[in-house]
*Asks:* 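Here you go, one structure.
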Amino acid sequence: MSETINNHQIKDDIKKAYDEIAEVYLNWTQPSQEIRLSYLDRMLRSFDPAKENSQINILELGCGAGVPCTELLASREYIRVTANDISETQIAMAKKRLPESVNLIQGDMMGLEFSQDHFDAVMAMYSIFHLPRNEQTTILRRIFDWLKPGGRLLANFPETGFASSSDPSWLGGTKGAMHWSGWGKDEMRRLLTEIGFEMEIDEVVVDCEEKNGVSQSVPFHWILAKK
């Protein structure tokens, strides 16, 4: 029970934090947008070109303000986009940028329910690692069920493993707190393989992030995995 309560507190903290810093976060993520788009391109190229004549159904977990990936997906007529974010402010910002054809869902990704074999791809950039580690394992199993056979998961995770890390004033925020956790690349690779995924991209890329005016290198484990 205490772990469940703690998990609810974590989600409440993260929602409050992102609601407050949404605009700041959007500007802060600009240096990583090229990385995001490059992996999105690699995922889209993994589909059979003939698929472009039919609809591809994609879910994005942690879409933020819809920049840059949701916008790109929404610009492709053959892609049907469902996008989720825990922050009401982020979803409101996304609504201003995205066409009405995008199905935007505000709330904790752990509360999402979809039928089996529903999506051609699920993408989660800089998002699943906000979940407590036990929930990361759960959401990855759910994603596997949501994916059609041959569907892809595109996501990134911390390179190193740690149970939890928190910052009550991340990016200058004064409400809630930001939380992260990670299994580390070796354990994440093992978990995904155990679930049934086949790794297609499995590599570490270093982001250059600014914190308190100081630039620092942060390595992330990027994966593209096939069901």
Side-chain angles (χ1 to χ4, degrees), residues 32-63 68-85 102-103 105 109-110 112-131 133-161 181-207 219-227:
S32 72
Q33 289 185 10
E34 184 177 346
I35 295 174
R36 297 172 191 239
L37 289 171
S38 69
Y39 278 104
L40 177 55
D41 178 66
R42 292 168 75 177
M43 183 190 78
L44 293 176
R45 284 191 282 113
S46 71
F47 290 105
D48 184 340
K51 263 282 197 181
E52 295 194 12
N53 295 320
S54 59
Q55 196 169 68
I56 294 177
N57 203 8
I58 296 180
L59 169 66
E60 182 179 8
L61 299 174
C63 65
C69 296
T70 331
E71 282 185 324
L72 184 144
L73 293 173
S75 70
R76 307 284 177 90
E77 291 185 0
Y78 64 95
I79 297 178
R80 181 179 181 182
V81 187
T82 301
N84 157 259
D85 201 274
V102 177
N103 179 23
I105 304 173
M109 68 177 75
M110 293 298 292
L112 297 174
E113 295 183 3
F114 299 104
S115 59
Q116 193 170 12
D117 302 343
H118 187 75
F119 293 104
D120 296 282
V122 176
M123 49 187 284
M125 299 185 183
Y126 304 89
S127 60
I128 290 178
F129 56 48
H130 285 307
L131 296 176
R133 290 201 299 187
N134 63 313
E135 290 192 352
Q136 291 183 30
T137 305
T138 301
I139 197 71
L140 289 169
R141 294 187 184 280
R142 291 178 183 175
I143 288 169
F144 187 83
D145 287 339
W146 297 339
L147 285 169
K148 299 175 184 178
R152 264 68 174 196
L153 165 65
L154 172 64
N156 68 330
F157 306 94
E159 180 196 25
T160 56
S181 65
W183 287 109
K185 68 178 188 300
D186 293 336
E187 180 63 10
M188 181 55 67
R189 186 184 298 123
R190 187 195 68 77
L191 284 170
L192 289 167
T193 302
E194 180 185 88
I195 289 168
F197 283 105
E198 174 187 340
M199 306 292 279
E200 294 185 321
I201 294 176
D202 178 3
E203 60 196 25
V204 173
V205 174
V206 177
D207 277 15
F220 287 101
H221 179 209
W222 284 88
I223 64 98
L224 178 65
K226 180 180 179 181
K227 176 176 178 177

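Values reported hereafter were calculated over all heavy atoms of this structure, with side chains retained and with hydrogens, waters and symmetry mates removed.
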*Asks:* Side-chain contact test, heavy atoms from C-beta onward, threshold under 4.5 Å: evaluate it for N84 versus C63 and give yes or no.
*Replies:* no
*Asks:* Are side-chain heavy atoms of N156 and Y126 found at a separation under 4.5 Å?
*Replies:*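 Counting from C-beta outward, N156 and Y126 do come under 4.5 Å.
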*Asks:* Take atom CZ in R189; do more than 12 heavy atoms of anything else shown fall under 6.0 Å from it?
*Replies:*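 Correct, the count exceeds 12.
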*Asks:* Which atom names give the shortest non-hydrogen contact between A225 and M199, and what distance separates them?
*Replies:* CB-SD, 4.2 Å
*Asks:* Minimum heavy-atom separation for M123 and C69, please, with both atom names.
*Replies:*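 Taking every non-hydrogen atom into account, CE-CB, 3.7 Å.
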*Asks:* Return the CG to CZ distance between L224 and R45, rounded to the nearest 0.5 Å.
*Replies:*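 The CG atom of L224 sits 10.5 Å away from the CZ atom of R45.
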*Asks:* Evaluate the criterion side-chain contact (heavy atoms from CB on, under 4.5 Å) for residue pair R142 and M110; output intermediate values, then yes/no.
*Replies:* CA-CA 9 Å; R142 291 178 183 175; M110 293 298 292; 3.7 Å; yes
*Asks:* For D145 and H118, does a side-chain donor sit closer than 3.5 Å to a side-chain acceptor?
*Replies:* no
*Asks:* Between Q136 and S181, what is the shortest heavy-atom contact and its length?
*Replies:*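 Result for this residue pair: NE2-OG, 2.9 Å.
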*Asks:* Taking the side chain as everything from C-beta on, heavy atoms only, tell me whether M109 gets closer than 4.5 Å to L131.
*Replies:* yes
*Asks:* Heavy-atom distance under 4.5 Å between the side chains of L37 and L72, does that happen here?
*Replies:* yes
*Asks:* Check whether any side-chain heavy atom of M125 lies under 4.5 Å from a side-chain heavy atom of L40, and answer yes or no.
*Replies:* yes
*Asks:* Check for me whether K227 meets the cation-pi criterion with F144, that is, NZ or CZ under 6.0 Å from the six-membered ring centre and within 45 degrees of the ring axis.
*Replies:* yes
*Asks:* Stepwise, does the side chain to side chain donor-acceptor pair (under 3.5 Å) test hold for E34 with Y39?
*Replies:* CA-CA 9 Å; E34 184 177 346; Y39 278 104; over 6 Å; no
*Asks:* Angle between ring planes, F129 versus F220, binned at 30° and 60°: parallel, tilted or perpendicular?
*Replies:* parallel
*Asks:* Quick one: closest heavy-atom pair of F197 and L153, and the distance?
*Replies:* CE2-CB, 3.9 Å
*Asks:* To the nearest 0.5 Å, what is the distance between OG on S32 and CG on D207?
*Replies:*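 Between atom OG of S32 and atom CG of D207 there are 6.0 Å.
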*Asks:* Centroid-to-centroid, F157 to W183, below 6.0 Å?
*Replies:* no
*Asks:* Taking all heavy atoms of S38 and all of I35, pick out the closest pair and write down the distance.
*Replies:* OG-O, 2.7 Å
*Asks:* Is there side-chain contact between L112 and L61, with heavy atoms separated by less than 4.5 Å?
*Replies:* yes
*Asks:* Work out which heavy atom in R80 is nearest to a heavy atom in N57; give both atom names and the distance.
*Replies:*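 Between these two residues, the closest heavy atoms are O-OD1, 3.4 Å.
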*Asks:* Would you call H221 and T160 a side-chain contact if the rule is heavy atoms closer than 4.5 Å?
*Replies:* no
*Asks:* Tell me, with the steps shown, if L147 and D120 meet side-chain contact (heavy atoms from CB on, under 4.5 Å).
*Replies:* CA-CA 6 Å; L147 285 169; D120 296 282; over 6 Å; no
*Asks:* Picking from D202, T193, L140, what satisfies side chain to side chain contact (heavy atoms under 4.5 Å, CB included) with M188?
*Replies:* L140
*Asks:* Less than 4.5 Å apart, side chain to side chain, heavy atoms only: is that true for I79 and L44?
*Replies:*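 A side-chain contact exists here, since the closest heavy-atom pair is under 4.5 Å.
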